[in-house]
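Written below as structure tokens is the structure these notes are about.
Counting convention: from 1, in listed order, for ligands and their atoms alike.
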Amino acid sequence: MKKKVVVITGGAGFIGSHLCDRFLADGFKVIAIDNLITGSLRNIAHLKKNKDFDFLEHNVSKPFAIKGNVNYVLHFASPASPVDYLKYPIQTLKVGSYGTHNALGLAKIKKARFLLASTSEVYGDPLEHPQKETYWGHVNTVGPRGVYDEAKRFAEAITMAYHRSHNVDTAIIRIFNTYGPRMQVKDGRVVPNFIDQALHNQPLTVYGTGKQTRSFCYYSDLVEGIKRLLHSNLHNPINVGNPQEFTILEFAKMVLKFSGAKSKLAYQPLPIDDPKQRRPDIALAKKYLKWQPKVKLEQGLQETLKWFQKHGCDGK
Ligand code: UDP
């Protein structure tokens, strides 16, 4: 039987590269596209010789064509950490808008199912807690994070428009904080920052009071949620994340405990518009995808620490 073909934009990124691995393991052909501004060839180096894997270095904000049959288009290209999207604000807006338009165009012409990687950032600094998919969000359009939040909100809107007007088979996943091997050590997010600091016995930089909360999902749980959504017939946005909620201070203490580091905490100013709380309501994912996370933070954090000890701390 002919193998199904999946195109993954952002395929050299943290989540994108794990998706490449999973689809190859599940017997698909994978075409990864990435312009490598935040992704890295290191993440896909082990796939270079795989005959079912192709890599195209390209910025998906510019038009592109793929030869042959395509069954699925997964649009994961975007800077995704606050540090990265503040460094690349225009690129972030472009990949959310032009990039999504181009990826949808590919899905339309190939009659492929399209899956958009959206984000909990569409909820902004949420006034509803935990966040349900029905919540419309609380976003500062002109604040520094607006470039990511609004790009993803636009991306959701154009995805639904392609579904409604062009009958494209689309899905939207709202991804909450995800962590694990292959995060870039310098991407500025709390997980790689604290781990890198702990492994170097440097102070852990806690922004604000550290009382803001996040809910951390291990990458393998997310990948399973993505696959289930892709193979469902859902079109409306669906939250995928881990509802176990921690303050950043609690998280810092866990990193110290599992790394054995004696680092102190260094309090720094809270970034502008930093959400005060975040936790997904995953009732829809449970009901329609029969999905819920399996990996507890204690377990995933230890795996991630091991990976960073081995690969992650070379300053790249
Ligand atoms: N944070 C922190 N120290 C760091 C990096 C981040 O205290 O070195 C905080 C940040 O202010 C936010 C939370 O950790 O409240 C998660 O930040 P991250 O950049 O990982 O992603 P976000 O969830 O804000 O997109």
Among all protein heavy atoms in this structure, tell me which lies nearest to [atom], with the distance rounded to 0.1 Å.
atom                    : result
atom 10 (C) of ligand 1 : D274 OD2, 3.2 Å
atom 23 (O) of ligand 1 : R214 NE, 2.6 Å
atom 13 (C) of ligand 1 : I248 CD1, 3.6 Å

Under 4.0 Å from any heavy atom of [X], which atoms of ligand 1 are there?
X    : value
V206 : 7 (O)
R278 : 22 (P), 23 (O), 25 (O)
N193 : 4 (C), 5 (C), 8 (O)

_Within-cut-off N or O pair, Q197 and ligand 1, under 3.5 Å_ = no
*Are any of the N or O atoms of Y207 closer than 3.5 Å to those of ligand 1?*
yes
For ligand 1, the portion of [X] having any non-hydrogen atom under 4.0 Å away:
X    : answer
N177 : side chain
P271 : side chain
T205 : both
V190 : both

*Does a salt bridge link D21 with R182, judged by any charged N lying under 4.0 Å from a carboxylate O?*
yes
*Taking the minimum heavy-atom distance to atom 22 (P) of ligand 1, which of R189, R145, Q268 ranks first?*
R145
Kindly state whether the ring of [X] and the ring of [Y] have centres lying under 6.0 angstrom apart.
X    : Y    : value
Y179 : Y219 : no
H129 : Y135 : no
F216 : F251 : yes

_Classify the ring geometry of F176 against Y123: parallel below 30°, tilted from 30° to 60°, perpendicular beyond 60°._
tilted
*asked:* Ignoring hydrogens and geometry beyond distance, is a side-chain donor-acceptor pair present between Q91 and S61 at under 3.5 Å?
replied: no
